[in-house]
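These notes are about the structure you will find just below.
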There are 2 protein chains.
Amino acid sequence: MRPKNLEKEEAIRTIALQIIAEEGLENLSMQKLAKAANVSPRTIYIKYENKEDLLIKLFIEEVLGAYEKAVLEKFTPDMDFTKGVKKLWQNTFQYLKNNRHSFVLLQYGKSSPLLNKAFQQANIQQGHFFAPIHQFLELNAAKGIIKIFPQDVYRALLFSPVLDLVKEYFDYQERPKQIITEKIVSECCDAVIKGILK
Amino acid sequence: MRPKNLEKEEAIRTIALQIIAEEGLENLSMQKLAKAANVSPRTIYIKYENKEDLLIKLFIEEVLGAYEKAVLEKFTPDMDFTKGVKKLWQNTFQYLKNNRHSFVLLQYGKSSPLLNKAFQQANIQQGHFFAPIHQFLELNAAKGIIKIFPQDVYRALLFSPVLDLVKEYFDYQERPKQIITEKIVSECCDAVIKGILK
DNA sequence: TTGATAAGTAAATAAACATTTACTTACTTT
DNA sequence: AAAGTAAGTAAATGTTTATTTACTTATCAA
């Protein structure tokens with residue numbers, strides 16, 4: 001049996017993310033992707049059932065999976081609260097600023113009903129994303145270190161700002177304004193931490 | 001001369017937002033829209049040059065414009081800092097939770113390169129969106145009431161969490177978790193304010 | 001009332017779309 | 001080295017797409 005050419009598989013994923021980042025999810029077509037990845041349309045259908053399947057796997061596995069791994073690098077739920085949050089912010093900013101293509105699809109995950117639904121299903125079926133962060137927050141809430149909120153609210157309070165900062169970091173390249181540096185990210189993180197501590 | 005039928009114009013915009021919210025921007029087509037709005041495809045092209053023009057006008061005028069107006073309701077830049085931020089959060093949550101269709105396209109504005117570019121251009125050409133908020137923050141920074149950050153960073157810190165809370169409010173309807181109430185929104189707002197005060 | 005005119009329609013156009021068919025290739029197993 | 005097989009290709013499928021053409025309608029100004 002002829003074995004799979006892993007380079008082709010990777011090209012499909014990489015080029016798909018690139019097209020989405022540059023032209024938008026609205027403008028990704030199977031034929032355009034095949035041509036750009038130097039592959040026959042049929043080849044895409046070996047690995048993916050259809051276009052929706054491709055998008056969902058790209059989003060869940062390629063983007064969310066890798067993003068989660070990068071964010072949780074050197075993080076443990078039993079860390080000191082301030083140190084833990086700072087580490088998570090650092091990891092997030094570092095990873096996303098070096099992976100703009102992933103960042104764009106990640107943002108689409110908050111808009112597109114297809115990806116949104118896929119995320120919720122994956123979250124239930126294959127275990128929750130960012131589970132160690134949940135644990136971390138529960139632990140610190142129980143210890144009385146931070147204010148009590150529903151789990152999902154912590155994410156809004158603690159982590160949505162850093163995603164916005166990444167977006168501003170990329171926007172910088174397109175219009176003149178102050179660049180987002182690691183120092184600014186760190187100072188923002190301090191402000192967020194101050195707000196959530198009891 | 002036969003006058004424009006304003007009902008048709010509004011139907012086009014309303015149904016477009018509805019399709020985007022339910023099926024995604026990826027799945028909005030001019031023919032689908034025409035059919036759903038009970039209008040000939042040609043009628044859409046009277047008001048809009050092409051599909052991109054429709055999307056941009058929908059985003060900038062219908063969504064961003066109305067959103068800005070609602071958020072700034074009863075807000076003035078010389079308000080007390082805490083009162084001002086609380087008012088902005090209240091307005092945001094109230095308006096968006098009652099306008100889910102607008103919220104979805106608003107979120108697409110952070111993903112789609114087309115809408116993103118359109119936003120940046122509109123921001124420059126027709127004056128900055130949310131200018132009173134800029135003023136408000138500058139004033140409070142000058143008075144030494146809040147920490148000093150670049151203007152765009154304030155938005156990330158102060159306002160991205162409330163958009164995330166709106167998203168969670170809508171997600172509630174699809175999977176069981178704690179509902180986002182006005183009380184929780186208000187408590188989150190307090191935390192954010194605490195973090196940014198000097 | 002009528003003539004001008006932009007709003008509106010239904011149907012058509014050509015291009016692009018997702019997916020499949022029919023075939024070839026390259027590798028493993030025997 | 002030959003057979004078997006999944007990976008891979010090029011070209012075709014029928015559908016849907018954005019947009020236009022050719023025509024009709026409704027209103028206003030004269």
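Naming convention: chains lettered A, B, ... in sequence-line order (proteins, then strands); numbering from 1 in each chain.
Ion pairing between a basic and an acidic side chain is recognised when a charged N comes within 4.0 Å of a carboxylate O; A/Lys87 and A/Glu73 show no such pairing.
With distances taken from any side-chain atom of A/Asn5 to the nucleotides C/dA12, D/dA22, D/dG8, the minimum falls on D/dG8. Side-chain proximity of A/Arg42 to C/dT21, C/dA7, D/dA7: nearest is C/dT21. Across C/dC17, D/dA18, C/dA10, the shortest atom-to-atom separation from the side chain of A/Ser29 is found for C/dC17. When distances run from any side-chain atom of A/Gln31 to the nucleotides D/dA7, D/dA12, D/dA18, the shortest one goes to D/dA12. Of the candidate nucleotides C/dG8, C/dT19, D/dA7, C/dG8 has the atom nearest to the side chain of B/Lys8. Proximity note for A/Met30 (side chain, C-beta onward) versus D/dT27, C/dG8, C/dA18: the nearest is C/dA18.
Between B/Pro3 and B/Glu52, the residue whose closest nucleotide on DNA chain D is further toward the 5' end is B/Glu52. Each of B/Ser40 and A/Lys51 lies near DNA chain C, and the nucleotide nearest B/Ser40 is the one positioned closer to the 5' end.
Among A/Asn116, A/Ile20, A/Leu105, the one residue that satisfies the side-chain contact (heavy atoms from CB on, under 4.5 Å) test with A/Phe59 is A/Leu105.
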Full working for ring pair (Phe, Tyr, Trp, His ring centres under 6.0 Å) between A/Phe130 and A/Tyr67
CA-CA 10 Å; A/Phe130 303 104; A/Tyr67 170 55; 5.6 Å; yes

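When atom types are taken as modelled, the side chain of A/Tyr108 and the backbone of A/Leu25 share a donor-acceptor pair closer than 3.5 angstrom.
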